[in-house]
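Take a look at the structure set out below.
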Number of protein chains: 2
Amino acid sequence: MSQGRPTLADVASAAGVSVSTASLAFSGAGPIATETRAKVHEAAQRLGYAGPNPLGRSLRSGRSGIVGVVIGDQLRRSFRDPVSVQVLDGLVSTLGPLGLGVLLIPALDPDRDPTESAELDPLLASAPMDVAVLIWGARREDATLEALQRRGVPVVIGEGPEIEGAAVVGIADQQGTADLARYLTGLGHTRIATVTLPLCHPRQTGIPTPDRLARLDWAPARHRLQGLADAGVEPTVIVEASASLVEDGRAAGHLVLDVPEPPTAVIAQSDLLAAGVLLAARELGLRVPEDVSVAGFDGLDLPWLSPDVLTTVAQPLSAKGEAIGHAVAQVLAGEVPPPVRLDVELRVGTTTGPPRT
Amino acid sequence: MSQGRPTLADVASAAGVSVSTASLAFSGAGPIATETRAKVHEAAQRLGYAGPNPLGRSLRSGRSGIVGVVIGDQLRRSFRDPVSVQVLDGLVSTLGPLGLGVLLIPALDPDRDPTESAELDPLLASAPMDVAVLIWGARREDATLEALQRRGVPVVIGEGPEIEGAAVVGIADQQGTADLARYLTGLGHTRIATVTLPLCHPRQTGIPTPDRLARLDWAPARHRLQGLADAGVEPTVIVEASASLVEDGRAAGHLVLDVPEPPTAVIAQSDLLAAGVLLAARELGLRVPEDVSVAGFDGLDLPWLSPDVLTTVAQPLSAKGEAIGHAVAQVLAGEVPPPVRLDVELRVGTTTGPPRT
DNA sequence: CTGTTAGCGCCTTCAA
DNA sequence: TTGAAGGCGCTAACAG
C-alpha cells in the first residue's frame with residue numbers, strides 16, 4: 001500500500017510475484033530467473049524500495065549485525081588516548097568488511113561505585129548486539145560483564161583477565177615490562193619508581209593504600225606491576241594515575257620526582273603517562289636521562305616530545321584491534337576463539353641511560 | 001522450551017500467565033497487579049530471561065534505538081582530531097539518556113572518487129538506524145546522503161549545507177572568520193595567506209587549481225573562505241590540506257612561508273593546521289608573531305604549543321554535539337528541527353601581532 | 001524456477 | 001486487571 005515505506009510485499013505485488021520470490025531477487029540466495037529479478041528490481045525502483053528492512057531481517061535471522069563496544073572510560077577521555085583510538089580503528093577495519101557495525105557503549109562513570117548496576121549504560125541491557133567487546137578488560141566483579149552474560153551476549157575481552165566463557169585478546173605486557181625493568185637495572189638503576197594505570201574502581205590519583213593495592217583488579221596495571229616483580233624490581237614508590245593522559249602523568253611525575261631523594265628512573269605504564277613524567281622532570285629542572293630516566297609503554301609516536309624519544313615497550317595496537325575483530329568473527333561462527341597473546345617489543349629511545357652515581 | 005534463550009512466551013507459561021500479561025510486567029505500560037508482576041519476574045529470574053529481545057521489540061515498534069553516525073574520514077584520522085572527538089562526545093552524552101546508541105559508520109575513503117557508490121560502507125545500506133548524522137556535512141552530490149535518503153532514513157547534517165529534508169546544525173564560521181580577518185587587517189596586515197580544510201573530493205594537498213576552487217564543495221572550507229572575502233581579504237595564496245592534522249599544517253606552512261616574499265599572516269581553517277603552520281615557522285627560523293602572525297579556528301586547548309597561545313576562533317564543540325543530539329531527538333519525535341547556527345568567538349592569543357614594516 | 005506456509009519475539013488492540 | 005489474536009517485515013522450508 002502507499003502508506004509508509006514500501007515493504008517487500010508491496011514490491012512483490014507490484015511486480016506480480018510472490019513475496020518469497022521478491023526476497024530471492026534481493027538476497028540472491030537461491031535460483032531465480034534473470035527476467036524475474038529484473039521485474040522485481042524495476043518494481044522496487046518504481047516504489048522507492050531501497051532493500052529489505054534490516055529490522056525484519058534481524059528478527060528473522062536472530063542477528064543484528066551489531067557489535068557493542070564498551071570503551072573503558074568516558075568517550076572524551078578514551079578518545080584522547082591514541083591507544084584506544086588505534087585499537088578501535090583496527091577493530092572497525094576488521095569488522096566492516098564482515099558487514100558488522102560498531103555500537104559505542106560508554107563505560108560506567110569511572111568515578112562511581114561499580115557495584116551499583118544502576119549506573120550501567122542502558123544500552124548494555126537493551127541495545128541489539130550479537131557480540132560485545134570490552135576493549136579495556138573486565139574486573140572480577142564486573143556489573144558490565146554480568147549484564148551482558150545475563151542477556152546471553154557473547155563477550156570478547158581485551159587485555160584480560162581470562163574469564164569463564166569469554167574470549168580474550170591480550171598482549172605480553174608482563175614480560176615486556178620485565179624486559180624493560182631488566183634493561184634499567186642492567187644500566188645500574190636501583191631506585192626505580194613506577195606510575196601505574198588505574199588499579200581498580202573507583203578511580204583515584206596518588207599513592208595507593210595497601211588495601212587498594214590488594215584490590216588491584218585491572219589487568220593492564222596488574223600485569224605490568226607483576227612484570228616489575230618478575231625482574232626483581234621493588235619500586236621505591238608507586239603512584240596511580242586515574243587515566244592514561246599526559247596531565248595525569250605530569251601530576252604523578254611531580255609527586256614522584258619533587259622529593260628529597262628522587263628515584264633515578266621512572267617506569268610509567270603508558271606512554272602518555274611517561275610523557276607527563278618527562279614534562280614534570282623538565283619543569284623541575286631535571287635532565288633526562290642524566291638526572292632521571294623515564295620509560296613508558298605502548299610505542300606511540302610522540303613527535304611533540306622532540307628532541308626526546310621515549311624509551312618504551314611497543315605493543316601492536318592496530319593488530320590488537322584486528323585480533324579482537326577476528327575473535328568476534330569466530331564467536332559469530334560458533335567457534336570458541338583461543339586466547340590470543342600478542343608480542344611486545346622493548347624499544348630504547350633517548351630518555352633512558354645510566355644513573356648518575 | 002529449554003532450547004535457545006527463553007522468550008517472553010516461555011516466561012509467561014512458566015509464570016502461568018499470558019504473554020501479553022508478561023509483556024506488561026516488563027514494559028510497565030499498563031495496569032498490572034503487583035503480585036502478578038512479581039510472579040512474572042520470579043519466573044524470568046528462574047529461566048534466566050534478561051528482558052525483552054530488542055530484535056522483536058524493534059520490529060514491532062519500527063524503531064531500533066540506533067543512530068548511525070557517519071564520521072568524516074577514516075576513524076584513525078577522525079579520532080586524531082580533537083574537534084571530531086569533542087563533537088562526538090557531546091552527541092553521545094545527549095543520546096545516551098534518550099536510550100539511543102551510536103553506530104559508527106566510516107565515511108568513504110577520502111582518496112577515492114566519491115561518485116562510485118560501490119565505495120560506500122555497506123552499513124549505510126543495511127544497518128538498522130532510526131536517524132543518521134553526517135557530522136562533517138554533506139556534499140552537493142553525496143552518495144552517502146543519497147543512500148540514506150533512498151532508505152528513508154532521516155538525516156541530521158553537521159556544518160551544512162542546508163539540504164532539502166535534512167536538519168542542519170552549523171556554526172557561524174563565516175562570520176567568525178570575517179571577524180578574525182578584520183582583526184588582522186586592523187593590525188595592518190595586507191599580505192595574508194590561508195590554509196584550508198579539504199575543499200572537495202577526492203582530497204588533495206597543495207595549492208588548488210582554479211577548477212578545484214570552483215568545485216569547492218565542502219561547507220566548512222567554503223564558509224571560512226567566504227568569511228575572508230566578507231572582510232575584504234584576498235589571500236595572497238591558498239593552500240589546501242587533505243586533513244585537519246598537525247603534519248598537514250606543517251607541510252602547508254612550509255609551502256606558504258618558505259618563499260621569497262612570505263605573507264605577514266597566515267589564517268588556517270583549523271587549530272591543528274595552525275599549529276602545524278606554527279611549527280613550520282619555528283623550523284624556518286621565523287619569529288611569531290614578529291615575522292609572521294598565525295591564527296587558527298576551533299578554540300582547542302593546545303598546551304604543547306607552549307609558550308605560544310594560538311589566536312583562534314573558538315567554536316562550542318560539545319554544544320554542537322549536543323545540538324545535533326537534540327535535533328535527532330526532535331526528528332524522532334516527528335518534529336522538523338529548525339536550522340541551528342551556534343555562535344563562535346574570536347579569541348586573541350600570543351601568535352598574532354602587527355606586521356613588521 | 002516460483003508460490004505457499006510458517007514463524008522469528010514482541011506489543012497492542014480488543015474483549016472478557 | 002488479564003487473555004486471545006494479529007501482525008510488524010522478512011526468510012527458510014517445502015511443494016509444485
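Below, chain A is the first sequence line, B the second, and so on; all start at residue 1. Hydrogens, waters and symmetry mates play no part in the numbers below; they use all other heavy atoms, side chains included.
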Rounded to the Å, how far apart are [X] [atom1] and [N] [atom2]?
X: A:Arg57; N: D:dC8; atom1: CZ; atom2: P; result: 19 Å
X: A:Arg63; N: D:dC10; atom1: CZ; atom2: C1'; result: 17 Å
X: B:Leu55; N: C:dC10; atom1: CG; atom2: P; result: 10 Å
X: A:Leu24; N: D:dA12; atom1: CG; atom2: P; result: 9 Å
X: A:Arg5; N: D:dG9; atom1: CZ; atom2: P; result: 12 Å
X: B:Leu8; N: D:dG7; atom1: CG; atom2: C1'; result: 16 Å

So does [X] have more than 12 non-hydrogen atoms from other groups sitting under 6.0 Å from [atom1]?
X: A:Gln45; atom1: CD; answer: no
X: B:Glu42; atom1: CD; answer: yes
X: A:Arg140; atom1: CZ; answer: no

- Query: Measuring from B:Trp136:CH2 to B:Ser84:OG, what's the distance to the nearest 0.5 Å?
  - Reply: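 B:Trp136 atom CH2 to B:Ser84 atom OG measures 5.0 Å (nearest 0.5 Å).
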- Considering all heavy atoms of both residues, which atom of A:Val340 and which atom of A:Ala323 are nearest to each other, and what is their separation?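 Scanning both residues, the minimum pair turns out to be CG1-CB, 4.5 Å.
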[X] has a side chain; which of [options] sits nearest to it?
X: A:Thr21; options: C:dT2, D:dG3, D:dG7; result: C:dT2
X: B:Ile32; options: C:dT12, D:dT2, D:dT11; result: D:dT2
X: B:Asn53; options: C:dC10, D:dT11, C:dT2; result: C:dC10
X: A:Thr36; options: D:dC10, C:dT2, C:dC10; result: C:dT2
X: B:Val17; options: D:dT11, D:dG3, C:dT2; result: D:dG3

- Determine: side-chain N/O of A:Ser20 to OP1/OP2 of D:dT11, distance under 4.0 Å, yes or no.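 So the side-chain polar atoms of A:Ser20 never come under 4.0 Å of the phosphate oxygens OP1 or OP2 of D:dT11.
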- Query: Between D:dG9 and A:Tyr49, is there an OP1 or OP2 to side-chain N/O distance shorter than 4.0 Å?
  - Reply: no
- Message: Both B:Arg60 and B:Ser18 contact DNA chain D. Which one's nearest nucleotide lies toward the 5' end?
- Response: B:Ser18
- Item | Closest-nucleotide ordering on DNA chain C, the 5'-leading residue of A:Pro31 and A:Leu59 |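 Taking each residue's closest nucleotide, the earlier one in sequence belongs to A:Pro31.
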